[in-house]
Amino acid sequence: MTVNMKKIAAERAVEEYVRDGMNVGLGTGSTAFYVICKVGELVAAGMNLTCVATSEETERIAKDLGIRVVNLSEVNNLDVTIDGADEVTRQLHLIKGLGGALVREKIVAASSIDQIVVVDESKLVESLGKECPLPVEVMVFGHEKTKRMIERQGCKATLRMRDGEPFMTDNGNYIYDCKFDGIANPYFLESRLDTIPGVVENGLFLNMTTAAFVARSDGTVEKIC
Ligand code: 5RP
């Protein structure tokens, strides 16, 4: 039988980190989907949880499951956020944003006491950016100029498209997927990207993560912390 790695990683994380009365951040994507489902089960069983969604899609799924979803401004802080990732290192540095929700995901992660990542083994890498492009969210205004400044950091930036149109985020921005030949110094790159006018946020999540649950095809789940 095929193991559903996304599901077992998500369920382990929820079982270990979500407790009655908590404020919980809900991630976005196909792995976070199983987090939302598990949280929905806990709520249906009577657990009192208040949740903040990292995207409109997550909010819709959570509300359909009967989960109480509030705005981030309505809670003092979040006890835990559980989210997926596109790449994870053993130092718990991440690339996120292939699902298009990186800005809200980063704000929610930064508002959480614990940020927990759930992935299948294909996402665990030695170093960031060798395979996966780095998503960078940019303002629509002047985005071609912003692209040129991003590419000066040593990458090829491609405007993300969907159905023949530029993909638009929940925040009304575009995303450039930036292919580096590996990211040797993610802190330096992040500081450079942060100074480019028009860049809203980048998908590097450095020093934000408490633990990662990595599911393997043999059904085991490794916790990295
Ligand atoms: C969305 C994200 C997702 O967490 C990331 O893309 C992983 O998604 P999936 O679990 O579907 O592979 O960062 O912005």
Side-chain angles (χ1 to χ4, degrees), residues 2-14 17 24-39 51-62 72 78 80-89 92-112 114-125 128-129 131-138 158-162 166-179 183 186 190 193 199-206 208-217 221 224:
T2 317
V3 172
N4 186 337
M5 292 184 273
K6 296 179 182 197
K7 186 166 187 276
I8 59 174
E11 293 186 345
R12 254 292 293 282
V14 174
Y17 278 91
V24 179
L26 300 174
T28 294
S30 58
T31 317
F33 170 77
Y34 292 107
V35 172
I36 306 166
C37 292
K38 188 69 185 169
V39 166
C51 295
V52 171
T54 52
S55 65
E56 287 170 12
E57 191 191 0
T58 289
E59 179 168 349
R60 182 183 52 72
I61 297 167
L72 184 56
L78 293 165
V80 64
T81 291
I82 308 178
D83 201 350
D86 301 304
E87 286 191 341
V88 184
T89 68
L92 296 177
H93 296 326
L94 319 176
I95 286 181
K96 285 184 55 54
L98 287 190
L102 64 129
V103 173
R104 296 188 192 191
E105 288 173 335
K106 205 181 247 190
I107 295 169
V108 169
S111 308
S112 301
D114 286 315
Q115 155 84 352
I116 308 301
V117 164
V118 287
V119 290
D120 63 58
E121 59 189 346
S122 69
K123 310 282 187 70
L124 185 61
V125 296
L128 297 177
E131 304 293 334
C132 180
L134 176 68
V136 177
E137 185 159 332
V138 303
T158 305
L159 183 63
R160 190 179 297 182
M161 304 293 287
R162 181 181 282 177
F167 170 81
M168 188 154 287
T169 70
D170 286 350
N171 314 307
N173 300 315
Y174 288 165
I175 289 182
Y176 277 97
D177 290 308
C178 302
K179 188 69 197 72
I183 299 173
E190 184 176 46
L193 291 170
V199 168
V200 177
E201 193 51 86
N202 67 81
L204 288 169
F205 285 51
L206 310 176
M208 300 184 91
T209 301
T210 312
F213 289 86
V214 182
R216 301 195 185 282
S217 54
V221 179
I224 302 172

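Atoms within a ligand are numbered from 1 in the order they appear, just like the ligands themselves.
Here the options are Thr58, Thr28, Ile61, Leu26, the test is side chain to side chain contact (heavy atoms under 4.5 Å, CB included), and the partner is Phe33; only Ile61 passes.
Proximity of a side-chain donor or acceptor of Lys6 to a complementary backbone N or O of Asp120 within less than 3.5 Å is not detected.
For atom 10 (O) of ligand 1, the nearest non-hydrogen atom of the protein is Thr31 OG1, 2.6 Å. Looking only at heavy atoms of the protein, atom 1 (C) of ligand 1 is closest to Glu105 OE2, 3.1 Å. In terms of protein heavy-atom proximity, atom 11 (O) of ligand 1 is nearest to Ser30 OG, 2.5 Å. Ranking the protein heavy atoms by distance from atom 12 (O) of ligand 1 puts Lys123 NZ, 2.8 Å first.
At a threshold of 4.5 Å between non-hydrogen side-chain atoms, the residues Leu92 and Ile224 count as touching.
Atoms of ligand 1 found under 4.0 Å from any heavy atom of Thr28 (numbered from 1 in listed order, with element): 1 (C), 2 (C), 3 (C), 4 (O). Within ligand 1, counting atoms from 1 as listed, the ones closer than 4.0 Å to a heavy atom of Asp83 are 4 (O). Each of the following atoms of ligand 1 lies closer than 4.0 Å to a heavy atom of Asp86: 5 (C), 6 (O), 7 (C), 13 (O). Listed by atom number, the atoms of ligand 1 under 4.0 Å from Gly84 heavy atoms are 4 (O). Less than 4.0 angstrom separates some heavy atom of Gly29 from each of these atoms of ligand 1: 11 (O).
For the atom pair CD (Glu59) and SG (Cys51), the distance works out to 11.0 Å, reported to the nearest 0.5 Å. Here the straight-line distance linking atom OH of Tyr17 with atom CZ of Arg12 works out to 9.5 Å at 0.5 Å rounding. Taking NZ of Lys123 as the reference point, atom CG of Leu98 lies at 8.0 Å (rounded to 0.5 Å). The OG1 atom of Thr81 lies 12.0 Å from the CD1 atom of Ile107; values are rounded to the nearest 0.5 Å.
Relative to atom 13 (O) of ligand 1, the option among Gly203, Gly99, Gly97, Ala101 with the closest non-hydrogen atom is Gly97.
With a heavy-atom cut-off of 4.0 Å, Ala85 touches ligand 1 through its backbone alone.
For Gly27, the closest heavy-atom approach to ligand 1 does not fall below 4.0 Å.
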